[in-house]
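Comments concern the structure below.
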Amino acid sequence: MGMMGDKTEATGERAMDTSSKDKILSADGSRLSTAEQRLRQLGLKLPDPPEPFGIYAEAVQTSNLLFLTGMLPTEGREAKFIGRVGAEIDVEAGHAAARLAALNGLAVAKQHLGSLDKVTRIVRLGVAVATSGDVRDQPKVADGASELLQDVFGKDKNPSRLVYGVASLPLGVPVELELIFEVSA
């Protein structure tokens with residue numbers, strides 16, 4: 001009987017948890033907002049899309065898939081975060097770097113598509129995290145990108161995700177994202 005009561009109590013607590021993010025995504029239990037509306041409601045302003053640091057395209061669309069180049073935590077032509085998680089920076093800074101890289105990814109997608117409302121699904125989020133030593137917190141770093149994408153697109157469009165540690169990344173940044181979107185015509 002005690003277990004049943006605990007389960008009911010836990011479920012009741014979850015049902016009563018109404019954070020501001022939940023209200024943005026579903027004020028009355030329905031899907032109320034588009035991605036573009038959510039951006040405004042969250043008070044997020046997309047940065048200018050980054051320019052390539054080499055010879056490649058920032059976005060390539062084939063059929064209904066949009067592939068982005070590796071997204072970095074940059075502002076303009078500069079790396080905003082430099083260092084390896086567990087060495088020069090901590091997990092919280094890595095989390096913030098992943099969030100910034102995701103914002104850059106949204107800026108590139110919007111530039112290519114004209115509107116983020118054309119994204120019908122985030123298919124894949126790959127997160128490379130530059131680490132040093134015995135770091136095992138790569139998923140916590142990756143959540144910086146995952147949380148932003150969920151806030152903008154909603155939980156029903158969450159991607160499959162691959163997170164891995166690497167020795168170094170371009171410009172010395174702590175994180176690089178791979179994003180693949182399914183898009184409408």
Pairwise salt bridge (Lys or Arg N to Asp or Glu O under 4.0 Å) hits with a residue in residues 66-85, at least two apart: Glu75-Lys80, Arg84-Glu88

The reported gap from CG in Leu66 to CD1 in Ile122 (rounded to nearest 0.5 angstrom) is 11.5 Å

Measure the shortest side-chain to side-chain distance between Asn64 and Ser184 over non-hydrogen atoms and say whether it is less than 4.5 angstrom. no

Backbone of Leu65 reached by a side-chain donor or acceptor of Ser63 within 3.5 Å: no

Expected output: side-chain Asp137 to main-chain Lys140 donor-acceptor under 3.5 Å: no

OG on Ser146 to CG on Leu125, rounded to 0.5 Å: 5.0 Å

How long is the span from the CZ atom in Phe181 to the NZ atom in Lys118, to the nearest 0.5 Å? 14.5 Å

N-O pairing of Glu36 and Lys110 below 4.0 Å: yes

Check: Leu113 and Ser115 side chains under 4.5 Å, non-hydrogen atoms: no

Applying side chain to side chain contact (heavy atoms under 4.5 Å, CB included) between Met71 and each of Leu106, Asn104, Val127, report the one that passes. Asn104

Among residues two or more places apart or on two chains, list those pairs meeting salt bridge (Lys or Arg N to Asp or Glu O under 4.0 Å) that have a residue in residues 59-71. none

Using the salt bridge (Lys or Arg N to Asp or Glu O under 4.0 Å) rule, collect all pairs that involve residues 158-169, keeping only residues at least two apart or in two chains. Asp143-Arg161

Could you measure the distance from the CZ atom of Arg99 to the CD atom of Glu147? Nearest 0.5 Å is fine. 9.0 Å

Cut-off 3.5 Å, side chains only: do Thr120 and Glu182 have a donor facing an acceptor? yes

With heavy-atom distances below 4.5 Å as the criterion, would you say the side chains of Ile180 and Leu68 are in contact? no

Connected to Val173, directly or through other members, by ILVMFWY side-chain contacts below 4.5 Å are Phe53, Tyr56, Leu72, Leu162, Tyr164, Val166, Leu169, Leu171

Any side-chain heavy-atom pair of Leu44 and Asp151 under 4.5 Å: no

For Asp48, all residues meeting salt bridge (Lys or Arg N to Asp or Glu O under 4.0 Å), sequence neighbours excluded: none

Atom CG of Leu116 and atom CD of Gln111: how far apart are they, to the nearest 0.5 Å? 11.5 Å

Would you say the side-chain atoms of Arg124 pair up with the backbone N or O of Leu179, donor to acceptor, closer than 3.5 Å? no

Other members of the hydrophobic cluster containing Leu100, with the 4.5 Å side-chain heavy-atom rule, please. Phe81

